[in-house]
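Below is one structure, written out as structure tokens; the observations come after it.
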Amino acid sequence: MTGLNLAAVAVVSLLIGGTPAFSAEPVKSADIAHHGLKASDFPRWHEVVPNVYAYEDTLITPDFTFTTNSLVIVTTEGVVLVDGQDNETRAKALVAAIKKITPQPLKYVVIASDHGDHVGGFPFVKDAFPAATFISTTASLKTMRAANRPILATEIVDYKRTLNLGGTEIQILNLGRGHTGGDLVVYLPASKVMFMTELYDRNIFPPMITGHPSEWVATVKKAQAMDPTWVIPGHGFTTGTAAELKADLAEFLKAVELVVSEGKRLHAAGIPCPTEKDCPANKQANWGPYANSTAAEGQAPRALARMYSEIDGKLPK
Ligand SMILES: [Zn+2]
């Protein structure tokens with residue numbers, strides 16, 4: 001998204017002024033450039049609560065750059081990493097950061113999102129910490145096999161697994177499908193930190209290329225019902241107060257719900273959207289303020305096409 005689009009926010013808000021469901025506030029941006037940051041300012045990380053670090057590196061596209069996030073949990077019996085980065089350089093930077101944060105070895109790696117931008121660098125993490133155990137869902141394992149990715153996961157969590165390391169309880173939870181179909185959430189009940197991976201892409205238009213739109217809504221609601229204090233996104237900034245992170249999750253959920261409702265409305269009206277590239281329905285869609293969220297231009301027709309597939313019963317069972 002360009003600065004010009006941001007400038008257009010006020011105008012768009014006026015145009016949709018008649019739609020009461022949308023707030024007049026412009027949607028915030030996940031683009032690092034809009035926050036005065038450059039790719040060279042990353043990676044960076046911060047301690048969310050004692051011994052729990054949110055780690056950000058970059059996903060760079062010609063149109064925008066936003067963060068790809070990992071979670072690093074340090075205990076006296078080793079480290080747990082949730083989600084990685086996309087390539088060798090970023091994986092090695094992540095390894096270096098873990099070593100800087102703690103002398104403890106990496107014990108577990110949770111593959112919460114199976115997409116390339118989160119797993120591509122894992123072979124280099126494995127090289128640095130050969131004893132680490134990788135965990136994923138059966139669904140993600142299948143996806144990674146189909147994508148010809150190195151299969152590092154040796155343990156499966158399809159419902160729930162609790163790790164107890166050095167007195168820290170770490171819950172690995174499958175709360176339902178959303179972004180990938182194999183989504184895992186990691187929750188620390190003592191500090192109420194929840195790493196939501198790509199079920200929460202903060203200030204970004206819901207990326208649905210492999211999504212399950214209606215189930216995604218239910219999965220996020222399940223996560224919210226657990227009443228986490230800190231909700232950490234898989235993309236988009238991990239910084240801000242707990243209240244801001246939560247408010248932006250509620251906002252993101254509204255955008256996912258809008259994909260579902262606009263998809264149903266336009267499908268019922270008979271406006272076609274057979275593919276993201278051939279989606280006349282997208283021109284008729286009212287994305288409200290989310291038309292200005294980061295990556296909206298590319299993601300909106302993709303999400304709509306996916307929602308049409310859901311309505312037509314064509315999504316993977
Ligand atoms: Zn991603």
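Numbering of ligands and ligand atoms starts at 1, following listing order.
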**Asked** Does a side-chain N-to-carboxylate-O contact under 4.0 Å join Lys28 and Asp248?
**Response** yes

**Prompt:** Are Leu266 and Cys273 close enough, and set up right, to give a side-chain contact (heavy atoms from CB on, under 4.5 Å), and what steps lead you there?
**Reply:** CA-CA 9 Å; Leu266 295 158; Cys273 182; over 6 Å; no

**Asked** Using the benzene-type ring in the case of Trp, are the ring centres of His115 and His179 under 6.0 Å apart?
**Response** yes

**Prompt:** About how large, to 10 degrees, is the angle OD2 of Asp117, then the Zn ion (ligand 1), then NE2 of His118?
**Reply:** 100°

**Message:** Is it the case that the ring center of Phe195 lies less than 6.0 angstrom away from the ring center of Trp230?
**Reply:** no

**Request:** With the Zn ion (ligand 1) as the reference point, give the N/O/S atom of Glu198 that is nearest.
**Result:** OE1

**Request:** Examine Asp201 and say whether one of its N/O/S atoms is closer to the Zn ion (ligand 1) than 2.8 Å.
**Result:** no

**Asked** Is His235 close enough that one of its N/O/S atoms sits under 2.8 Å from the Zn ion (ligand 1)?
**Response** yes

**Asked** Would His179 count as a contact for the Zn ion (ligand 1), in the sense that one of its N, O or S atoms lies under 2.8 Å from it?
**Response** no

**By ring pair (Phe, Tyr, Trp, His ring centres under 6.0 Å) - contacts of Phe66 (at least two apart)** = Phe64, His235

